[in-house]
Structure formats: structure tokens, C-alpha cells
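Just so it is clear: chains get the letters A, B, ... in the order the sequence lines come, proteins before strands, and each one is counted from 1.
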Protein chains: 2
Amino acid sequence: MREQEAPGKSLSDNGRMHPAERSTNAFGGLSLEHSSTVDRVADELRRAVFEGELESGTPLREVALAESLGVSRQTLREGLALLVAEGLATREPNRGVSVARPDPDSVRDVSRARTVLETAGVRHWPNASEEARQAVRRALAEYERAVAAGATYQELNQRHLAIHLSLVGLTESPRLVAMAESVVAELRLALAQIDRVRRNAQDQAGSHRHLLDLLESSDVDGAATELAAHLGGAEAAILERLDLD
Amino acid sequence: MREQEAPGKSLSDNGRMHPAERSTNAFGGLSLEHSSTVDRVADELRRAVFEGELESGTPLREVALAESLGVSRQTLREGLALLVAEGLATREPNRGVSVARPDPDSVRDVSRARTVLETAGVRHWPNASEEARQAVRRALAEYERAVAAGATYQELNQRHLAIHLSLVGLTESPRLVAMAESVVAELRLALAQIDRVRRNAQDQAGSHRHLLDLLESSDVDGAATELAAHLGGAEAAILERLDLD
DNA sequence: TCGAACACGATTGTCCGACAATCTGACAAC
DNA sequence: GTTGTCAGATTGTCGGACAATCGTGTTCGA
């Protein structure tokens with residue numbers, strides 16, 4: 001390794017595991033973060049995309065980016081491959097990678113996919129572990145707190161999506177959660193592109209609070225329909241704002 | 001490009017699109033496969049894994065593999081990254097990539113994930129396009145034909161899984177199908193490992209035929225429970241055989 | 001004048017060689 | 001038996017190189 005830069009933490013460890021994390025001996029609480037350069041590159045690119053710094057469709061030139069990030073072209077390439085695999089960028093052979101461009105079709109598809117995943121989570125509420133349920137309550141509470149505190153657009157957005165991820169977490173399936181994370185990432189990209197200029201995150205605490213209340217009272221079907229309505233509304237809102245570009 | 005080897009076709013194009021594929025002009029039926037070296041490397045690795053040539057846990061040494069495939073280490077590395085992203089291999093920092101090892105937990109998780117995805121497809125049958133429904137009928141018919149013809153273990157396996165993929169196709173969501181493909185790939189890996197020695201694919205045409213009959217008669221709920229039972233059985237069978245290794 | 005052929009710069013895909021960091025296992029030292 | 005040390009193997013990352021391809025502007029011939 002030649003250099004160490006600012007460490008970033010990624011939500012998804014792409015299939016990597018470290019020896020230190022697999023044993024459960026006397027030193028269970030200890031762990032060390034081995035962030036590779038590729039990971040840090042990918043993190044930085046994701047950040048830039050989510051932050052709206054990179055407009056959708058922008059070509060990500062390899063030499064320029066590598067130089068700008070202070071890494072070799074090969075390393076940057078692996079980072080780009082990660083972004084492409086996550087759907088945040090697209091690659092056209094011999095023409096390079098560019099920031100994904102959310103078109104109406106993909107927005108609809110993302111909406112459909114998350115509906116399936118989140119509905120599965122909601123319907124699993126009665127069988128879910130107390131831990132998973134608690135995660136939903138916590139995510140909602142933190143979102144409400146952020147709303148009350150008048151947090152930034154970025155934070156509100158992230159906490160809002162965290163609620164939806166916690167719903168998928170009710171399935172207790174790591175793979176389903178990973179899929180949801182990927183889908184949500186695409187959603188974040190679309191939101192970032194839409195709100196590149198004016199970033200107005202409206203308060204949606206009420207809807208989610210209502211959803212959780214239905215779940216707490218074991219009204220799973222009611223919660224499912226409430227969720228469907230919420231997601232449908234979100235899709236419509238995005239499509240509408242996407243239309244006037 | 002320095003060399004061209006035997007072309008292989010991959011089911012999933014990882015975010016790549018080529019100009020020749022996106023337009024629908026007078027020459028709609030024409031297309032050209034621009035398979036990059038990396039794609040061919042990944043294809044070959046997948047084949048070897050599915051074929052059972054590589055036992056799970058086998059370390060995939062970069063220099064040796066690159067030499068054996070006649071590609072550079074960088075290129076091989078990108079191919080390995082694809083496998084890792086698909087869950088067919090795992091990477092441990094500074095220790096390299098090795099063929100994924102299907103443990104009971106991951107088998108259960110894969111089963112849960114595919115249950116969610118395929119159930120969503122089945123429940124979408126009434127709203128699905130005629131094209132999607134036809135794909136299910138076709139997949140089943142081809143499986144039955146393969147069974148009758150006494151096809152190889154490999155072909156039977158693939159056609160069987162194709163049926164399940166076609167069920168997810170009923171959702172008409174490319175992303176959900178892509179997720180299902182990834183999950184099914186992991187399943188294929190598990191099956192390949194289990195049946196590495198004795199490869200006995202039992203005839204499961206009856207169960208699937210019954211499922212389709214229920215769908216054709218619009219008994220979606222019945223089909224969903226039938227599917228759940230089928231998947232539960234498959235999971236149990238795999239776990240049982242996985243136990244005695 | 002206009003379309004086809006050509007030339008040229010930019011960029012990607014792939015290769016090669018290099019080397020520090022890390023892991024593994026053996027072996028010596030305490 | 002535990003700890004320290006050392007050599008070999010392997011990965012992570014770098015830099016440079018070059019053919020293939022793309023985009024574009026230019027030239028040429030009808």
C-alpha cells in the first residue's frame with residue numbers, strides 16, 4: 001500500500017470479510033476496518049453522485065478521475081465497476097462509464113421492486129424478531145427527530161430511506177436487504193438528480209408513523225395497503241418532477 | 001484487443017449496453033455480441049463453478065488462473081470481481097478470492113429470498129402480460145421435454161431453474177429478475193457442490209405442472225401455497241444433503 | 001455542392017513489469 | 001508452550017505501454 005487517505009465507511013461490504021470478523025472468541029467486540037483503496041474510491045464516487053455533484057449522464061473519464069483522486073487508472077477502474085454493478089452508473093463498451101440517467105421506466109421498475117421487497121418485510125412483521133421490529137421503531141424515531149431538528153436535506157433523505165430499509169430488514173434475510181440497498185441507492189440517485197437545484201424534502205413522518213401504528217396493532221394487511229399507497233405516491237412525485245427537466 | 005477466444009454467452013449483462021442494441025429501427029433482429037475479455041473470463045469461471053469442476057472453498061490464485069486462461073492478471077482480477085459481486089465467490093482482503101462455500105445459513109437465506117421473489121411473480125399472474133405468462137408455459141414445456149428425452153444432469157438443472165426464473169418474470173420487473181438470477185446462481189453453485197460426485201436430478205415436472213394448472217385456473221392463492229411447499233421441500237433436500245459432507 | 005474516404009486526437013481495453021504490504025509456515029529463542 | 005524472526009508466496013496498487021475503437025474535422029472526387 002502506498003498511501004492512506006480519509007477512511008470512509010460503506011453500507012455494503014461487497015462480499016468481503018476479514019478474518020478478524022469471523023471468530024467469536026474471548027475478544028468478540030474487537031474489529032478493525034481494512035478499507036482498500038478501491039473501496040474508498042467507490043465511496044467517494046457514490047458520495048459525489050448522491051450529493052448531486054455529478055449530473056446524470058456525465059461521463060466519468062478514467063484518466064482525469066484517477067488523477068483527481070490520486071489513484072492509478074486500474075484501481076479507479078475497479079471502483080467504477082462497483083458503481084456499475086450497483087446500477088449507479090452504466091458502461092457502454094469502448095465508450096466508458098457515465099452516471100446513470102434515471103428515466104421513467106427505471107423509476108417505475110425501482111418502485112415496483114421496492115414495493116415487492118418492503119411489502120414482504122411488512123407481511124413478515126408478526127414472525128419477525130423483536131430485534132428487527134425494534135430497528136424499524138428506531139429508524140422512524142430518528143427520522144422524526146431529524147425532522148423536528150430541521151436537519152439538512154441530505155440527512156432527512158437518508159433517514160427516510162433508512163426507514164424503508166428497516167422494513168425489508170423484517171424479512172431477516174441478508175440477501176433481500178442487500179437487494180433493497182441496491183434499489184434504494186438507485187432511488188437516491190434519482191432523488192439527487194431531481195433535487196439538484198432546489199432540494200425540498202417534505203415531512204413524511206405522519207405517513208410512516210401511521211404505518212408503524214398499523215403494524216403495532218397487528219393490522220398487517222392495513223399496513224401493506226398503506227405502504228403500497230405511500231410508495232405509489234412517491235413514484236408519482238418522482239415521475240412528475242422528472243418530467244419537467 | 002490481442003486475442004479472441006471461444007465466445008460465451010452470459011445470462012446477465014452487467015450494466016453494459018451497446019449502441020447496436022438500443023435502437024429499434026428497420027433492422028430490429030440484428031445484433032452483434034461484443035464480448036469483452038473480462039466477460040469471457042467470468043463466463044468461463046461461472047461454467048467451471050456450476051460444472052462442479054471447482055470445489056467450494058478452492059482458492060482462485062490470480063497468477064495461476066491468469067496464466068491458465070491466457071489473460072493478464074488485471075483482466076482476470078476484474079472477472080473475479082464479477083464473480084464476487086454475484087455471490088459465487090468470496091474475497092478476503094489480502095488473502096484472495098475463493099469459491100463460495102454454501103453453508104446452511106446461506107442456503108436458508110437464498111431459499112427465503114427466492115420465495116419472496118417467486119411468490120411475488122405468482123401473485124402477479126393475473127396482471128401479467130400474456131408474453132410473460134407464455135414464457136412460463138414455454139419454460140415448463142421445455143423442462144418436460146428435457147425430462148422425457150433423458151437430458152443430462154446439467155441441462156435438467158438449468159431448465160428447472162429457468163422455470164423458477166420465468167415465475168419471477170411475471171412481475172415484469174427487470175430488477176427483480178436480475179436479483180432472482182443472482183440468487184438462482186447461488187443456488188446452482190450449491191447444487192453443483194452437493195452433486196459433485198453423484199448427480200441425480202429427480203423428475204419434478206409434476207409439481208410444476210400442478211403449479212401452472214393452478215395459475216391457469218386463476219387460483220393464485222393455491223399456486224402460492226403450492227410454490228411455498230415446493231421451495232420448502234427443495235431447501236430441506238439441499239440442507240439434508242449438505243449435512244453429510 | 002455534397003457525400004464518401006481519410007487522417008487525427010481522445011479514450012477505452014488489455015497487457016506487462018514492478019514492488020510494498022500482508023499472510024503463511026517453519027524454525028529458532030526464551 | 002509461547003514468542004520472535006525470517007523466507008516464500010500472494011495480493012493490492014502503481015506506472016507505462018499499445019492496439020482497437022470512437023468522434024470529428026478535413027480532404028477528395030464526382
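As rounded to whole Å, 12 Å separates atom P of dT11(C) from atom CD of Glu67(A). Leu60(B) has its CG atom 12 Å from the P atom of dG12(D), to the nearest Å. Counting to the nearest Å, the C1' atom of dG13(C) and the CD atom of Glu78(A) are 14 Å from each other. Glu92(B) places its CD atom 16 Å from the P atom of dT10(D), with the value rounded to the nearest Å. For the pair Asn94(B) CG and dC19(C) P, the interatomic distance rounds to 20 Å; values are reported in whole Å. Nucleotide dG13(C) holds its P atom 12 Å from the CG atom of Leu76(A), rounded to whole Å. To the nearest angstrom, P of dC14(D) lies 14 Å from CD of Glu62(A). Taking atom CZ of Arg61(A) as the reference point, atom P of dA10(C) lies 12 Å away to the nearest angstrom.
Salt-bridge formation is detected for the pair Arg108(A)/Asp105(A): a Lys NZ or Arg NE/NH1/NH2 atom is positioned less than 4.0 Å from an Asp or Glu carboxylate oxygen. Note on Asp43(A) versus Arg40(A): no salt bridge recorded, every NZ/NE/NH1/NH2 to OD/OE distance being 4.0 Å or above. Of the charged side-chain nitrogens involved, none lies within less than 4.0 Å of a carboxylate oxygen, so that Arg112(B) and Glu235(B) do not count as a salt-bridged pair.
Legend: residues meeting ring pair (Phe, Tyr, Trp, His ring centres under 6.0 Å) with His160(B), ordered by chain and number and at least two apart, are Tyr143(B), His164(B), His208(B), His230(B).
Residue Arg77(A) places at least one side-chain N or O closer than 4.0 Å to OP1 or OP2 of dG13(C). Here Arg95(A) does not reach the OP1 or OP2 of dA10(C): none of its side-chain N or O atoms lies under 4.0 Å away. Taking 4.0 angstrom as the limit, Thr75(B) places a side-chain polar atom (N or O) nearer than this to OP1 or OP2 of dC15(C).
Counting only N and O atoms by type, the side chains of Ser106(B) and Glu186(B) include no donor and acceptor under 3.5 Å apart.
Mapping Gln74(A) and Gly96(A) onto DNA chain C by nearest heavy atom places Gly96(A) at the nucleotide closer to the 5' end.
The base of dT14(C) sits with one of its N or O atoms less than 3.5 Å from a complementary donor or acceptor on the side chain of Arg73(A).
Among dT13(D), dC23(C), dC15(C), the nucleotide with an atom closest to any side-chain atom of Ser36(A) is dT13(D).
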